[in-house]
Engineer: 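I have a structure I would like to understand better, so I am pasting it below and will then ask my questions one at a time.
Fair warning: this is a prediction, and the values are worked out from it, not measured in the lab. Below, read A as the first sequence line, B as the second, and so on, with proteins coming before strands; counting in each chain starts at 1.
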Amino acid sequence: MMVSPMERGLDRVVALVDMDCFYVQVEQRLNPALRGQPCAVVQYKGYQGGGIIAVSYEARACGVTRNMRGDEARKLCPTIKLARVPEAHGKADLTRYREASVQVIDVMSQYAIVERASIDEAYVELTAQVQEKIRQMEGHVPIPSQLLRTFVEGWPRDDECEKEKPLNDCEDAKEACRLHGVTTWLQLTASDGAVGNADLNLSIGATIIEEMRAAIEAETGFRCSAGIAHNKMLAKLACGLNKPNRQTILPHSSVPGLFSGLPLGKIRNLGGKLGTSVSEKLGVEFIGDVVHYSKQHLEGHFGEKISGWLYDVCRGLEFEPIRPRNLPKSIGCSKNFNGPEALDTREKVRYWLKELATELEERLVKDKETNQRVAKQLTVGVHMDTKGQNGTLSRCSAMTRYDANKIAADALALLNACNTAGRGQATWSPAVTCLQLSACKFSEVAVGGTNDIAGYLSANAKPLLPALPKMGSSFGTPPKSVKDRGSRTIGIAELFQRATAKNQQCSQATNMSFDEGGDNSTKEGNCKGEHTSFFRKEALSAIHDDDDDDSNSQRPDTMEDFVISTSISPTVDDDSAETTPDLAVRSSNRCLEVDSNLDLQQDSGIIDTLSKMKKEGGNFISPEDMENCNECGKTVSMWELPEHSDFHFAQSLQKTFSASCEKPGLMRGTSMPASQRAKRRAAPPAKRKKASANHTLDSFFKKSS
DNA sequence: CATTGAAGTGGC
DNA sequence: GCCACTTCA
Ligand SMILES: Nc1ncnc2c1ncn2[C@H]1C[C@H](O)[C@@H](COP(=O)(O)OP(=O)(O)OP(=O)(O)O)O1
Ligand SMILES: [Mn+2]
Ligand SMILES: [Mn+2]
């Protein structure tokens, strides 16, 4: 029995846009002498010419690849130009590429809703625009001249086009073949009169992406490739089929032909251990081979979710939604210290934590101004030079201020627990081979500027739209004045997009208070997907199980040894910072608020901050971080506004819904589970220290004593 | 001796 | 919710 196109997701149109040799293009734009040359970008020129992380297509022709050392590349390609990643704070600094990425995403989001998938690629939701354009076209179909940079995978069907013409230029032959494929495919598409023709939808999506890519190049100077298909997995795959500077349509009907010879590992999420285990357990090489196995058979080897996903994917089906999100969800930095560089003293660890924290602070401050949000959680990670053992661990604490000294001090306090030498010792063991600092759990802050606040409110107050609003008029023809908003005041389209995204999440949430009552968790990307990477468990079990599944082999918690007894002191609300006894760090699922005072007596820079904090009662908050709550008029640190607003939200909730409520599901789309909202409600807003996830040690002590 | 990010899940 | 671990760029 046939399932409908909708059930198979063939009504959707999505694209994946990926920049060509991105870091190289960034360097070439900066330095014209590099353009059109064999060229690569390296990190840390010192060791054997540095490590290559991006390669121009001219250099790829010589066999130069990522992961090569600069010296190797020169052997293969003596004329290669090597550009170096900038360095700051003693480490590689990727700011230049992040900023270029923002430029690209900004242009893209003028055309449609996008999901930033990495520094150089984004998914594009085209379904609504395609439908709008179809209405406008009144039965017409795209013509080949609208698809000048487009390939159709699988077309022409027999690859012997133009064989009678002896074309001596290979590029000319390829172009002729491309055009032939596009033309014949469009003809067949037009002759299929069915409304809701899936291929027609793809062809129209492709015309939009042609325009979008032209705009990207015009406004940023960067070239890219794209894939257009009915789901993210196929779009990603298609994008890589005709790089560089080309886009590829992958019609559903071409999937079997392509998949029959496509190695499993080429599919997103099958490139690692899971893919290997699928290959081994099923005895297959190509993704197309998987169609021969029933779902039941697959479930004999893999979990239910993985099996269902595999069963669909090998047929070209996938249902991952595009999650509207233009910004990263975390901001972090890390540095490796290999071999002899490993940090074996407390001073070295302290020094590098400070360097990392300084970069982090700079990026966070810029992020706050640009994106009106603040991170609420700090995570510190470390790898240690333990052989055999797994010497990696991470710990988190509340982020309360963007201050490098405090960040570094807190991080060191969290890490003290894993120095076997003990807190007072000068040595650090096992030696640290990698340090990471990362900030996440962002909350929106209403920023002071009158212009910005007005724009923000009007965007949020827009009338509710249907789940899939007609966005043709908003997105389809971006204003030619796009240029002047290259850098970072929020544009009309983006505001509209944010409102739209929110409306899609809370379908008819008409009962929300005007300002949405105080979930300040950033609206970027807070919609949860049904099932993304459940891949970890399967990959893991693939290793531990030899033949049969679910041997829950117990992994020894190796770092626990280091963690047992070192002192991390709590910050207490009443500021009576007593020295506390040593304690086990991990025994509740609460991240720790550390008092780093005890750890940094020798560091003058940090001492300065510390003494300042002491003077301010240990709770210093700079005036520019203060906000007025527009509910009660109280002055609150912007860091606490989310919780403060939650308080008001809960109050209004109680009034509005005291008798009869909507379904709890209504609240999805705000970032917090309903259960948590309820819990938070009682907390006094202004004076409360940190009632939210990043907990102080108070509650820890309450529980454990 | 690649390095430096970033996103996501499931166990607990 | 924290953390370990996988996958990807
Ligand atoms: N393993 C890595 N380590 C560090 N940086 C990386 C790594 N892989 C990729 N990058 C950076 C450099 C790339 O220019 C950028 C985008 O990656 P990616 O899209 O995979 O390749 P690319 O853009 O260089 O070439 P392509 O034209 O094949 O897309 O991310
Ligand atoms: Mn790329
Ligand atoms: Mn990429």
Side-chain angles (χ1 to χ4, degrees), chain A residues 18-19 22-23 41-44 46-54 65-70 72 85 87 91-95 97-98 101 115-121 236 265 267-276 303 305-306 320 323 325 327-342 356 359 363 377 379-381 390 392-397 433-441 525 528-529 531-543 552 554-555 557-560 563 585-592 672-673 675-676 679 692-695 699:
Chain A
D18 183 291
M19 309 310 292
F22 185 48
Y23 289 12
V41 175
V42 296
Q43 241 171 178
Y44 298 131
Y47 178 72
Q48 294 180 11
I52 291 176
I53 59 177
T65 67
R66 175 172 298 148
N67 300 348
M68 243 171 218
R69 316 304 309 198
E72 298 175 64
V85 172
E87 290 173 31
K91 61 181 286 301
D93 178 5
L94 305 181
T95 304
Y97 313 109
R98 289 192 191 96
S101 175
E115 173 184 341
R116 180 198 197 273
S118 82
I119 196 167
D120 90 319
E121 69 205 67
K236 171 68 179 164
I267 300 289
R268 190 175 63 142
N269 290 317
L270 292 179
K273 300 178 180 186
L274 176 59
T276 302
K305 282 161 122 185
I306 289 283
E320 290 269 317
R323 295 174 173 72
R325 183 168 52 77
L327 305 174
K329 307 167 84 160
S330 65
I331 293 178
C333 46
S334 65
K335 180 163 175 58
N336 287 359
F337 307 93
N338 273 321
E341 306 270 85
L356 291 174
E359 178 186 330
R363 288 167 57 192
Q377 187 179 72
T379 301
V380 53
N390 188 358
T392 173
L393 90 122
S394 76
R395 295 291 181 264
C396 70
S397 74
T433 55
C434 173
L435 281 179
Q436 300 187 82
L437 288 182
S438 178
C440 58
K441 297 198 190 315
K528 285 290 166 203
H531 75 328
T532 340
S533 276
F534 34 73
F535 298 96
R536 185 187 89 87
K537 176 187 165 192
E538 300 286 342
L540 216 56
S541 85
I543 292 174
N552 256 339
Q554 274 286 52
R555 179 180 51 86
D557 250 342
T558 52
M559 286 312 298
E560 226 62 358
V563 149
V585 172
R586 304 238 338 110
S587 40
S588 85
N589 281 339
R590 287 285 171 239
C591 81
L592 301 177
M672 195 157 321
S675 60
Q676 275 206 17
K679 266 192 294 188
S692 80
N694 302 325
H695 221 280
S699 61

Engineer: Quickly work out the A:Glu115 CD to B:dG8 C1' distance and round it to whole Å.
Structural biologist: 11 Å

Engineer: Are OP1 or OP2 of B:dA6 and a side-chain N or O of A:Ser438 less than 4.0 angstrom apart?
Structural biologist: no

Engineer: If you check the A:Asn269 side chain, which of B:dG8, C:dT7, B:dC1 turns out closest?
Structural biologist: C:dT7

Engineer: Given atom CE of A:Met19 and atom P of C:dA9, what is their separation to the nearest angstrom?
Structural biologist: 15 Å

Engineer: Without decimals, in angstroms, what is the distance between A:Leu94 CG and B:dA2 P?
Structural biologist: 19 Å

Engineer: Please report the closest heavy-atom contact between A:Glu538 and A:Ile306, naming both atoms and the distance.
Structural biologist: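 Closest pair (atom of A:Glu538, atom of A:Ile306, distance): CG-CG1, 2.8 Å.
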
Engineer: OP1 or OP2 of C:dC8 versus the side-chain N and O atoms of A:Lys236: is any pair under 4.0 Å?
Structural biologist: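 For A:Lys236, the contact criterion (side-chain N or O under 4.0 Å from OP1 or OP2 of C:dC8) is not met.
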
Engineer: Which of the following nucleotides, B:dA6, C:dC3, B:dT4, is nearest to the side chain of A:Tyr44?
Structural biologist: B:dT4

Engineer: For the pair made of CZ in A:Arg116 and P in C:dA9, what is the distance, rounded to whole Å?
Structural biologist: 13 Å

Engineer: With no hydrogens and no angle check, is any side-chain donor or acceptor of A:Arg116 less than 3.5 Å from a backbone partner on A:Leu327?
Structural biologist: no

Engineer: Reckon A:Gly339 touches a base, only the sugar-phosphate, or nothing at all at heavy-atom distances under 4.0 Å?
Structural biologist: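 A:Gly339: no heavy atom of the nucleic acid under 4.0 Å.
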
Engineer: Name the nucleic acid region contacted by A:Gln436, choosing base, sugar-phosphate or nothing; use a 4.0 angstrom heavy-atom cut-off, strictly under.
Structural biologist: nothing

Engineer: Counting side-chain heavy atoms from C-beta on, which of B:dG5, B:dG10, C:dC3 comes nearest to A:Arg98?
Structural biologist: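 Among B:dG5, B:dG10, C:dC3, the one nearest the side chain of A:Arg98 is B:dG5.
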
Engineer: Just compare C:dC2, C:dA4, B:dT3 and give me whichever is closest to any side-chain atom of A:Asn338.
Structural biologist: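 Closest of the options to the side chain of A:Asn338: B:dT3.
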
Engineer: Apply side chain to side chain contact (heavy atoms under 4.5 Å, CB included) to the pair A:Gln436 and A:Leu356, showing each step before the final yes or no.
Structural biologist: CA-CA 8 Å; A:Gln436 300 187 82; A:Leu356 291 174; over 6 Å; no

Engineer: Is A:Ile53 touching bases, backbone alone, or none of the nucleic acid, heavy atoms closer than 4.0 Å?
Structural biologist: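 Base contact.
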
Engineer: With sequence neighbours excluded, tell me which residues meet salt bridge (Lys or Arg N to Asp or Glu O under 4.0 Å) with A:Lys91.
Structural biologist: A:Glu359

Engineer: Students often get this wrong, so: under 4.0 angstrom with heavy atoms, is A:Leu356 touching a base, only sugar-phosphate, or nothing?
Structural biologist: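 No contact at all - A:Leu356 keeps every heavy atom at 4.0 Å or more from the nucleic acid.
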
Engineer: Please report, rounded to the nearest Å, how far the P atom of B:dT4 is from the NZ atom of A:Lys335.
Structural biologist: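 Nearest whole value for this atom pair: 5 Å.
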
Engineer: What is the separation between atom CG on A:Leu437 and atom P on B:dA6, rounded to the nearest whole Å?
Structural biologist: 12 Å

Engineer: Scan A:Phe22 against the nucleic acid and name what it touches under 4.0 Å (heavy atoms): base, sugar-phosphate only, or nothing.
Structural biologist: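 No contact.
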
Engineer: Measuring from the side chain of A:Lys441 (C-beta onward, heavy atoms only), which nucleotide among C:dA4, C:dC2, B:dA2 has the closest atom?
Structural biologist: C:dC2

Engineer: Just by distance, do the side chain of A:Arg323 and the backbone of A:Glu115 share a donor-acceptor pair under 3.5 Å?
Structural biologist: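 Between the backbone of A:Glu115 and the side chain of A:Arg323 there is no qualifying donor-acceptor contact (under 3.5 Å).
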
Engineer: Whole angstroms only, please: what is the CZ-P distance between A:Arg268 and B:dA7?
Structural biologist: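 Distance, rounded to whole Å: 14 Å.
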
Engineer: Base, sugar-phosphate or nothing for A:Ile306? Non-hydrogen atoms, less than 4.0 Å.
Structural biologist: nothing

Engineer: What nucleotide, of C:dT7, B:dA7, B:dT4, holds the atom closest to the side chain of A:Lys273?
Structural biologist: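 Within the option list, the nearest is C:dT7.
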
Engineer: Between A:Arg395 and C:dA4, is there a side-chain N or O to OP1/OP2 distance below 4.0 Å?
Structural biologist: yes

Engineer: Taking the minimum atom-to-atom distance to the side chain of A:Ala92, which one of B:dT4, B:dA6, B:dC1 wins?
Structural biologist: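 Among B:dT4, B:dA6, B:dC1, the one nearest the side chain of A:Ala92 is B:dT4.
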
Engineer: Out of C:dA4, B:dT3, C:dC3, which has the shortest distance to the side chain of A:Cys396?
Structural biologist: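 Nearest listed nucleotide: C:dC3.
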
Engineer: Between A:Asp93 and A:Val85, is a side chain to side chain contact (heavy atoms under 4.5 Å, CB included) present by the stated rule, with each step listed?
Structural biologist: CA-CA 7 Å; A:Asp93 178 5; A:Val85 172; 5.7 Å; no

Engineer: Just jot down the side-chain hydrogen bond (donor to acceptor under 3.5 Å, both in side chains) partners of A:Gln43, sequence neighbours excluded, or say none.
Structural biologist: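 None.
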
Engineer: Do we see A:Tyr47 stacking on the base of B:dC1, given a limit of 5.5 Å between centres and 30° between planes?
Structural biologist: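 Aromatic stack with B:dC1 present for A:Tyr47.
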
Engineer: Base, sugar-phosphate, or nothing: which does A:Arg69 touch, judged by heavy atoms less than 4.0 Å apart?
Structural biologist: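 Since only primed, P, OP1 and OP2 atoms lie under 4.0 Å of A:Arg69, the category is sugar-phosphate.
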
Engineer: Counting distance alone, no hydrogens or angles: does the base of B:dA2 have a donor or acceptor under 3.5 Å from a partner atom on the side chain of A:Asn67?
Structural biologist: yes

Engineer: Given atom CG of A:Asn336 and atom P of B:dA2, what is their separation to the nearest angstrom?
Structural biologist: 10 Å

Engineer: Select from A:Gly51 and A:Gly332 the residue whose nearest nucleotide in DNA chain B is closer to the 5' end of that strand.
Structural biologist: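 The residue whose closest nucleotide sits nearer the 5' end is A:Gly51.
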
Engineer: Check this one for me: any side-chain N or O of A:Arg325 less than 4.0 Å away from OP1 or OP2 of B:dA7?
Structural biologist: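 Yes.
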
Engineer: C:dC2, OP1 or OP2 - any side-chain N/O from A:Thr379 closer than 4.0 Å?
Structural biologist: no

Engineer: Given C:dA4, B:dG10, B:dA2, identify the nucleotide with an atom nearest to the side chain of A:Lys537.
Structural biologist: B:dG10

Engineer: Using modelled atom types and a 3.5 Å cut-off, is there a donor and acceptor pairing between side-chain atoms of A:Tyr44 and backbone atoms of A:Ala92?
Structural biologist: yes

Engineer: Identify, between A:Phe337 and A:Pro340, the residue whose nearest nucleotide on DNA chain B lies closer to the 5' end.
Structural biologist: A:Pro340

Engineer: With respect to the side chain of A:Lys91, which nucleotide from B:dG5, C:dC3, B:dA2 is positioned closest?
Structural biologist: B:dG5

